[in-house]
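Before any comments, here is the structure.
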Amino acid sequence: EAQVTQNPRYLITVTGKKLTVTCSQNMNHEYMSWYRQDPGLGLRQIYYSMNVEVTDKGDVPEGYKVSRKEKRNFPLILESPSPNQTSLYFCASSPWGSGSAGELFFGEGSRLTVL
Amino acid sequence: GNSVTQMEGPVTLSEEAFLTINCTYTATGYPSLFWYVQYPGEGLQLLLKATKADDKGSNKGFEATYRKETTSFHLEKGSVQVSDSAVYFCALTGGSYIPTFGRGTSLIVHP
């Protein structure tokens, strides 16, 4: 089954404690991206990657890092989480760049709370 | 830059009612347009898309037509069901690899 898998689904942590949210896709997509969803603000892109070792900032990259060492994986790293990073996070992949219009395939989301 | 504006919700309807959720956009060039649906507790799923002017996207009884003259992509369904209750997002891609999303419209359908 084609899917995007992210973990953990739920996480409560404390300010300053580094954490990583993993994302993996099995569709051989070159494009992967991270979003945060906040009430009243819709989805905002954090980072995206067009291919292995190629990453770029989205609209709200501050406080986040990513890496793309393998095509299927695109982890999101919060080096020193703060309460304003409490949010619902989504990973997505896309065949964008391979003739598609950029339709996205989303994971089920990771709800992060930073105390 | 690009922007997407969609009607604020929640939209509350009775089962079998007609649905319209308005979406207008601002973009340079010729963007591709999408509707995504998010059911409670789940990620977003692509509902339909249109990639050029006058294209009509359709899926599961939902339709939307890419209107370049009015820069709109309104979502419609002739007869909604309780199972259509969800949040609907209008989105566009074009000019960069950063999609632009609307803020989402919550739809509540009562039996």
Side-chain angles (χ1 to χ4, degrees), chain A residues 1-7 9-10 21 23 25 27 29-51 54-61 68 74 88-111, chain B residues 1-10 21 23-27 29-53 55-59 64 66 73 86-106:
Chain A
E1 180 190 354
Q3 58 186 6
V4 177
T5 304
Q6 46 183 116
N7 283 294
R9 295 288 312 280
Y10 302 91
V21 186
C23 175
Q25 53 97 2
M27 294 170 279
H29 289 161
E30 293 188 343
Y31 181 96
M32 297 186 72
S33 54
W34 277 101
Y35 302 82
R36 58 178 290 173
Q37 182 179 22
D38 301 291
L41 297 178
L43 271 78
R44 294 178 292 169
Q45 191 184 71
I46 302 170
Y47 269 95
Y48 69 96
S49 169
M50 287 302 300
N51 212 328
V54 180
T55 62
D56 212 341
K57 296 177 180 178
D59 292 322
V60 288
R68 188 90 181 273
F74 190 47
L88 179 58
Y89 291 86
F90 288 101
C91 180
S93 71
S94 174
W96 211 348
S98 304
S100 87
E103 53 266 46
L104 296 163
F105 296 79
F106 286 86
E108 294 192 325
S110 296
R111 184 167 293 282
Chain B
N2 298 337
S3 68
V4 173
T5 303
Q6 56 183 111
M7 59 193 294
E8 293 194 19
I21 300 179
C23 172
T24 57
Y25 68 89
T26 302
Y30 301 91
S32 294
L33 302 173
F34 305 85
W35 277 101
Y36 289 88
V37 58
Q38 184 180 28
Y39 298 104
E42 299 184 10
L44 282 74
Q45 310 173 17
L46 178 67
L47 181 59
L48 53 84
K49 69 177 182 182
T51 59
K52 61 182 187 296
D55 266 2
K56 177 185 285 187
S58 61
N59 186 25
Y66 187 163
F73 194 54
V87 180
Y88 292 82
F89 291 91
C90 186
L92 70 80
T93 61
S96 75
Y97 288 104
I98 303 176
T100 302
F101 286 86
R103 294 188 176 186
T105 301
S106 175

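Chain naming here is simple, since letters A, B, ... match the order of the sequence lines and numbering starts at 1 in each. Atoms considered below: every heavy atom in the structure, side chains included; atoms not considered: hydrogens, waters and symmetry mates.
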A/Ser49 OG to A/His29 NE2 distance, which is reported to the nearest 0.5 Å |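 Rounded to the nearest 0.5 Å, the OG-NE2 separation comes to 13.5 Å.
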
Rounded to the nearest 0.5 Å, how far apart are CZ of A/Phe105 and OG of A/Ser93?
->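 So the CZ of A/Phe105 and the OG of A/Ser93 are separated by 7.0 Å.
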
Most contacts with chain A, counted as non-hydrogen pairs under 4.5 angstrom, among B/Thr51, B/Leu44, B/Leu46 =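 Heavy-atom pair counts peak at B/Leu44.
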
Any donor-acceptor pair under 3.5 Å from A/Trp34 side chain to A/Phe74 backbone =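 It does hold such a pair.
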
Would you find a donor on one side and an acceptor on the other, under 3.5 Å apart, between the side chain of A/Thr55 and the backbone of A/Tyr48?
->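 Side chain of A/Thr55 to backbone of A/Tyr48: no pair is present.
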
Examine whether an atom of A/Glu103 lies under 4.5 Å from a heavy atom of chain B, and if so say whether it belongs to the side chain, the backbone or both; otherwise answer neither.
->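 Interface part for A/Glu103: both.
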
Let me know if A/Gln6 has heavy atoms under 4.5 Å from chain B in its side chain, its backbone, both or neither.
->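 Neither; nothing under 4.5 Å.
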
Results of ring-ring contact (aromatic ring centres under 6.0 Å, His included) for B/Phe89 - residues two or more places apart only =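 B/Phe89 satisfies ring-ring contact (aromatic ring centres under 6.0 Å, His included) with no residue once adjacent residues are dropped.
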
Of all residues at least two apart in sequence or in a different chain, which pass the ring-ring contact (aromatic ring centres under 6.0 Å, His included) check with B/Tyr66?
->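 Partners of B/Tyr66 by the ring-ring contact (aromatic ring centres under 6.0 Å, His included) criterion come out as none, since no residue qualifies.
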
Partner set under side-chain contact (heavy atoms from CB on, under 4.5 Å) for A/Arg9, not counting sequence neighbours |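 Once residues adjacent in sequence are excluded, the partners of A/Arg9 under the side-chain contact (heavy atoms from CB on, under 4.5 Å) criterion are A/Glu108.
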
Positions in residues 33-40 of chain B that reach chain A, provided some heavy atom is under 4.5 Å away |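 Result: B/Phe34, B/Tyr36, B/Gln38.
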
